[in-house]
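Everything on this sheet refers to the single structure shown next.
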Amino acid sequence: MTPDELFKNLIAHAKEYGFIFQSSEIYDGLSAVYDYGQMGAELKNNIKNYWWSAMVRLNENIVGIDSAIFMHPRIWEASGHVGAFNDPLIDNKDSKKRYRADVLLEDHLAKIEEKITKEVEKGRKKFGEAFDEKQFRETNPNVVRNAQKAAEITRRMNEALNASDLTALRQLIIDCEIVCPVSGSRNWTEVRQFNLMFSTQMGSVSEDANVIYLRPETAQGIFVNFLNVQKTGRMKIPFGIAQIGKAFRNEIVARQFIFRMREFEQMEMQFFVRPGDEMRWYEHWKDMRLRWHKSLGLGDGKYRYHNHEKLAHYANAAADIEFEFPFGFKELEGIHSRTDFDLGRHQEFSGRKQQYFDPETNESYIPYVVETSIGLDRTVLAVLSAAYHEEKLADGEERVVMRIPAVLAPVKLAVLPLVKKDGLPEKAREIMNSLKFDFNCQYDEKDSIGKRYRRQDAIGTPYCITIDHQTLEDNCVTIRDRDTMQQNRVAIDKLRGIIDEQVNLRKWLERI
RNA sequence: GCGGAAGUAGCUCAGUCGGUAGAGCAUCAGCCUUCCAAGCUGAGGGUCGCGGGUUCGAACCUCGUCUUCCGCUCCA
């Protein structure tokens, strides 16, 4: 079985047992959008709870908020998303390759710049000590011509970009005689704008409707509430604000099941620190976040760091925690040192001071931010792909078992009467009623006991208890473990304690 | 978005030459009563992804479209 086949089986399994369905399936589906079914929703909620508990409840200086998806459009100008998420794209019809139109032009400009540099170097060799670069650049005809050309291209490009004039942009590419690096042809399509942010209108369309974006990240909801939370919560630096919520990106290609979706959910924490302290906290959260992942027991070897060489415009350090999915190591969580970029920009764009008065140093400053940002859907996928096992048993039988960490398992306990007569179902219901307040339980009396065990294995239920005839006499039941398939006979009144010890948050969170 | 492949029951898949839509598993009801899926009897479930076209007749041929997978491409 190749990883590819295994992944396909996992996707089929996730659908068959109610974890994940494609969105709008009866209307042929919607590309890169998925729904969580009855099992998936439970799993996802348990992951949220596990993260929220680890971040908000266990850290006195971290609090959680829930900000709106709609935000003031200026926020996305301040954050840089309007500029950076808005790319003019052009395709070469022969090579079928797609490029960013502005990048093609910039590459072209770089080539011209290279020519100038070569010419200057030639001059330097020729004139030796007496070489006057400034004068050379002003007088050498080749250099002057190329410099003028570059300036003209730059001017036209900026003009077209600022006016969002896509026709002019294409004309410029044609005028520059830019060829596709792959096909070598100048057979270009029209330039199209591709905005990675979804937009809609707020207010009456007939009046001056405002264009509103669906947030492409949850972080900005935290930044714009920084002072609200700091003041009302009497927070002292260092402190963090956490949030779980939906974000939306109109990805060009979205693939690999729920790994890259157009509507997705993030769990983010922005940690505000004194300027200069950020690297220490960056290292701290890098370490803490990996420990959180490892505490789930999916396998320590499935995680690795990937430190970014090329940094985003807001960051002075960045790393990913990558997970070994069936399709390879891929980003699961990002830890970024975002400096004071975001708060600084909001101060600039809103005209409101975004500063903190530090009583220890008697100074006001814009705090620095260390961000931890984890993909919730990706975590669901990580759990599912690590949990999915097709096993061959000793007797030659096969079983599919989801070894979901017990703390995250959608159903904690299945209550199974050995036969559906002789008062066993009644006894089973009685036990279920006493446990359903503590655990998500499932009752099943259909088919043979072995078949019922397999059904529970398929959804990752860590424990099954079986009520037999002897139970009516001694008040003991069989408890069967999902992973080892071992069975023990225990008293009914001990059940709650035994199961709770394995599935409650404390046991798992204490490992972090 | 481009190229290639695919789409038939909840799942995995058959379906001949264009001639009334099939299997296994799953599901449900009943029987049986057994601690690791396979016993017996019966039932439900399909506008063959969707929409045109050709044809007396289309799951099958043809065009378009949607979705998925693989490869490009893109990726804060």
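To find a chain, count down the sequence lines: A is the first, B the second, and so on, and within it residues start at 1. None of the values given here were measured: they were computed from a predicted structure.
For the C1' atoms, the distance linking B:C50 with B:U68 amounts to 15 Å, nearest Å. B:G7 and B:C48: their C1' atoms are spaced 10 Å apart (whole Å). Of the P atoms belonging to B:A5 and B:C75, the separation is 29 Å, rounded to the nearest Å. Taking atom P in both B:C60 and B:U54, one finds a spacing of 15 Å when rounded to whole Å. When the P atom is used for both B:C61 and B:C70, the distance is 26 Å, rounded to whole Å. Spacing of C1' atoms, B:G45 relative to B:U8, comes out at 14 Å, to the nearest Å. Using P as the reference atom, B:A26 and B:A38 are 8 Å apart when rounded to the nearest Å. Nucleotides B:U27 and B:G18, compared at atom P, are 39 Å apart to the nearest Å.
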Inset, instruction - Sugar-phosphate means primed atoms, P, OP1 and OP2; the rest is base. With that split, encode nucleotides 24-34 of chain B 5' to 3' as B, S or - using protein heavy atoms under 4.0 Å. - result: --SSSS---B-

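In this structure, B:U55 forms no base pair with any nucleotide, since neither Watson-Crick nor G-U wobble geometry is met with both distances under 3.5 Å. Nucleotide B:A23 is matched to B:U12 when pairs are restricted to Watson-Crick or G-U wobble geometry with both distances under 3.5 angstrom. B:G3 is paired with B:C70 under the criterion used here, namely a Watson-Crick or G-U wobble arrangement in which both key atom distances are under 3.5 Å. Partner assigned to B:C40 is B:G30, using Watson-Crick or G-U wobble distances below 3.5 angstrom. Judged by Watson-Crick or G-U wobble contacts below 3.5 Å, the nucleotide B:G45 has no partner. Across all strands shown, B:C17 remains unpaired; no Watson-Crick or G-U wobble contact has both distances below 3.5 Å. B:C50 is paired with B:G64 under the Watson-Crick or G-U wobble criterion, all donor-acceptor distances under 3.5 Å.
The separation between A:Asn250 atom CG and B:A76 atom C1' is 16 Å, rounded to whole Å. One atom, CZ of A:Phe7, and another, C1' of B:C70, lie 13 Å apart when rounded to the nearest Å. One atom, CZ of A:Arg452, and another, P of B:C35, lie 11 Å apart when rounded to the nearest Å. Atom C1' of nucleotide B:A38 and atom CZ of A:Arg399 are separated by 18 Å, given to the nearest angstrom. When rounded to the nearest whole Å, the span between CD of A:Glu331 and C1' of B:A76 equals 9 Å. Across the protein-nucleic acid pair, A:His13 atom NE2 and B:A37 atom C1' stand 14 Å apart, rounded to whole Å. B:U67 atom C1' lies 12 Å from atom CZ of A:Arg262, rounded to whole Å. For the pair A:Met197 CE and B:A76 C1', the interatomic distance rounds to 13 Å; values are reported in whole Å.
Not a single donor-acceptor pair, N or O on each side, falls under 3.5 Å between the base of B:C35 and the side chain of A:Arg480. A donor and an acceptor atom sit less than 3.5 Å apart, one in the side chain of A:Arg260 and one in the base of B:C75.
Comparing atom distances between the A:Arg454 side chain and each of B:U12, B:C35, B:A37 picks out B:A37 as nearest. Each of B:U67, B:A76, B:U12 was ranked by its minimum atom distance to the side chain of A:Ser31; first place goes to B:U67.
Put simply, A:Lys15 has a side-chain N or O that comes within less than 4.0 Å of OP1 or OP2 on B:C11. Checking the phosphate oxygens (OP1, OP2) of B:U67, no side-chain nitrogen or oxygen of A:Gln22 falls inside 4.0 Å.
Annotation: side chain of A:Arg489 is in contact with side chain of A:Thr471 (closest heavy-atom distance under 4.5 Å). Taking the side chain as every heavy atom from C-beta outward, A:Leu376 and A:Phe264 never approach each other to under 4.5 Å. Within the 4.5 Å cutoff, no side-chain heavy atoms of A:Phe198 are placed close to those of A:Tyr213.
Heavy atoms of other residues, nucleotides or ligands lying less than 6.0 angstrom from CZ of A:Phe70 number 12 at most.
Looking at heavy-atom distances under 4.0 Å, A:Asp457 makes no contact with the nucleic acid at all. Here A:Glu398 lies in heavy-atom contact (under 4.0 Å) with a base.
Of the residues near RNA chain B, A:Tyr453 and A:Arg338, the one whose nearest nucleotide (by heavy atom distance) lies more toward the 5' end is A:Tyr453. Of the two residues contacting RNA chain B, namely A:Glu25 and A:His336, the nearest-nucleotide position lying further toward the 5' end is that of A:Glu25.
Salt bridge status for A:Asp444 with A:Lys451: absent, with no side-chain N to carboxylate O gap under 4.0 Å. Between A:Glu25 and A:Lys15 there is a salt bridge, since a side-chain N of the basic residue sits under 4.0 Å from a carboxylate O of the acidic one. A:Arg338 and A:Asp342 are joined by a salt bridge, as a carboxylate oxygen and a charged side-chain nitrogen come within less than 4.0 angstrom of each other. Using a 4.0 Å cut-off between charged nitrogen and carboxylate oxygen, A:Glu265 and A:Lys48 count as a salt-bridge pair. Between A:Arg429 and A:Glu426, none of the side-chain N atoms (NZ, or NE/NH1/NH2) sits under 4.0 Å from a carboxylate O, so this pair counts as no salt bridge.
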Inset, instruction - Could you give me the CA-CA distance, side-chain angles and deciding distance for A:Tyr36 and A:Tyr34, then say whether ring-ring contact (aromatic ring centres under 6.0 Å, His included) is met? - result: CA-CA 7 Å; A:Tyr36 286 89; A:Tyr34 290 88; 8.8 Å; no

